[in-house]
> 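Let me begin by handing over the structure; questions about it come next.
For ligands, and for the atoms within them, numbers begin at 1 and follow the listed sequence. Everything quoted here is computed from the prediction, not taken from an experiment.
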Amino acid sequence: MTGPKPLSNILEITPYKGGQKLDHGWKLSSNENPLGASPEAHEALLKAAEHVEIYPDGSAFALRQALGKKYGIDPDRIVCGAGSDEIFQLLGRAYLQPGDEIIQSQHGFLVYKLVAQQAGAKCISAPETNLTADVDAILGCVTDKTKIVFLANPNNPTGSYVPYDEVKRLHKGLRDDILLVLDGAYAEYVRQNDYAAGMEMAGEEPNVLVTRTFSKIHGLAGLRVGWAYGPESVIDAIHRVRGPFNVNSLAQAAAIAALGDDSFVTRSADHNNSELDRMKPALETMGYKVYPSVCNFLLIEFEDKDGKRAADADAFLRSRGIVIRDMVAYGLPKCMRLTIGTKEGNDEVLEAFEAFAKAD
Ligand SMILES: *Cc1c(COP(=O)(O)O)cnc(C)c1O
């Protein structure tokens, strides 16, 4: 007996591996918010938990209204998902079939490739320049089979971003039957003036979709809430393929409350930025190569020397109760990604990195 056989393209998928958990110590492997979540979101969650017998609002009406108000956009052109991950999956379902192609940049977020593979489509990787997405390289990958271009801006795991002018140039270079997805998972952290998440483009262009998430700055990763904003036709397509109750009621309630708590968002961004500004030079002073980051993590490159490689650092940090993320799956085997933690956690991280640098 062999049992049921999945489609051959499904068997080619390497399942996504999340950051490892720890019983104690510091988990800095999944870009989670070190400040937790808004107390108001917690309260709303507990209140919603009193009525788990009731189905969620399948259209996430109140959440879309709140998002529309917050961002000054039309709630009818928003769709919510169980994380932005689900939105990507739904795009695959709605737009991709075997033989199609998607384009992402070389060290782009892993989930885009999974989406392509599930549909039997091909994921084309556009070479990056200095670990940054390269608009000309992406445009050079376009063929008549291209259906979606995914751009995480800023990108995980590189921490780099593409200035808004360049994003506009990318869009101008694409046929209008190609969907440009601007994944703004880290948009709230970016301080640079030449950056924009692309909400305005998603409002005006027929083929630009922006995705956002409650997992990072709002600290609600465990609840799985994300959303997308874009042209009516794309939003309509996503609605057709989503599960009728894809975002649960606790997640919706918490997300609405989180949106109302600006002070938590400000505190999270301020904490991140001051800690980024402290951690990067401190690590560089110890001799590490650290890439510039506008996100809530740093990409650190290790020497290619016995006892000093990324895997050695990983083992050393683990022995001190610190877990960070290896980058083999992203094609960056010399690097590790370190999420910005609490001040206390970061102090321990710096101590551990210093000890590793000095160890022989
Ligand atoms: C974390 C992350 C997301 C968010 O995923 P959710 O499914 O919303 O939790 C999306 N894109 C990138 C690049 C990320 O790093």
> Relative to the heavy atoms of Asn156, which atoms of ligand 1 are at a distance of less than 4.0 Å?
13 (C), 14 (C), 15 (O)
> Can you confirm whether Asn130 sits close enough to Tyr291 that some side-chain heavy atom of one is under 4.5 Å from a side-chain heavy atom of the other?
no
> Can you list the residues that meet the side-chain hydrogen bond (donor to acceptor under 3.5 Å, both in side chains) rule with Ser105, with sequence neighbours excluded?
Glu128
> With heavy atoms of Gly83 as the reference, note each atom of ligand 1 found under 4.0 Å away.
6 (P), 7 (O), 8 (O)
> Please write down residue, atom name and distance for the protein heavy atom closest to atom 1 (C) of ligand 1.
Lys216 NZ, 1.2 Å
> Can you say whether the rings of Tyr186 and Tyr189 are parallel (under 30°), tilted (30 to 60°) or perpendicular (over 60°)?
tilted
> Ligand 1 versus Asp183, non-hydrogen atoms closer than 4.0 Å: side chain, backbone, both, neither?
side chain
> Out of all atoms in ligand 1, which are within 4.0 Å of some heavy atom of Tyr186? Include the element for each.
1 (C), 14 (C), 15 (O)
> Using a 4.0 Å cutoff against the non-hydrogen atoms of Ala185, which atoms of ligand 1 qualify?
2 (C), 3 (C), 10 (C), 11 (N), 12 (C), 14 (C)
> I'd like to know if Arg240 pairs up with Asp236 as an ion pair, taking the criterion as any Lys NZ or Arg NE/NH1/NH2 lying under 4.0 Å from an Asp or Glu carboxylate oxygen.
yes
> Please state which part of Glu86 comes within less than 4.0 Å of ligand 1, counting heavy atoms only: side chain, backbone, both or neither.
neither
> Tell me the protein heavy atom at minimum distance from atom 7 (O) of ligand 1, and give that distance in Å.
Arg224 NH2, 2.7 Å
> Is any N or O atom of Ser84, backbone or side chain, closer than 3.5 Å to an N or O atom of ligand 1?
yes
> For the aromatic rings, using the six-membered ring if either is Trp, is the centroid distance between Tyr288 and Phe353 under 6.0 Å?
yes
> Looking at Asp144 and Arg175, is any side-chain nitrogen of the basic one under 4.0 Å from a carboxylate oxygen of the acidic one?
no
> Can a donor-acceptor pair be found between the side chains of Glu53 and His51 at a distance below 3.5 Å?
yes
> Among all protein heavy atoms, pick the one closest to atom 9 (O) of ligand 1 and tell me residue, atom and distance.
Ser215 OG, 2.6 Å
> What do we get for Phe214 next to ligand 1 when only non-hydrogen atoms under 4.0 Å count, side chain, backbone, both or neither?
neither
> Could you list the residues that satisfy side chain to side chain contact (heavy atoms under 4.5 Å, CB included) with Ala221, not counting sequence neighbours?
Ser215
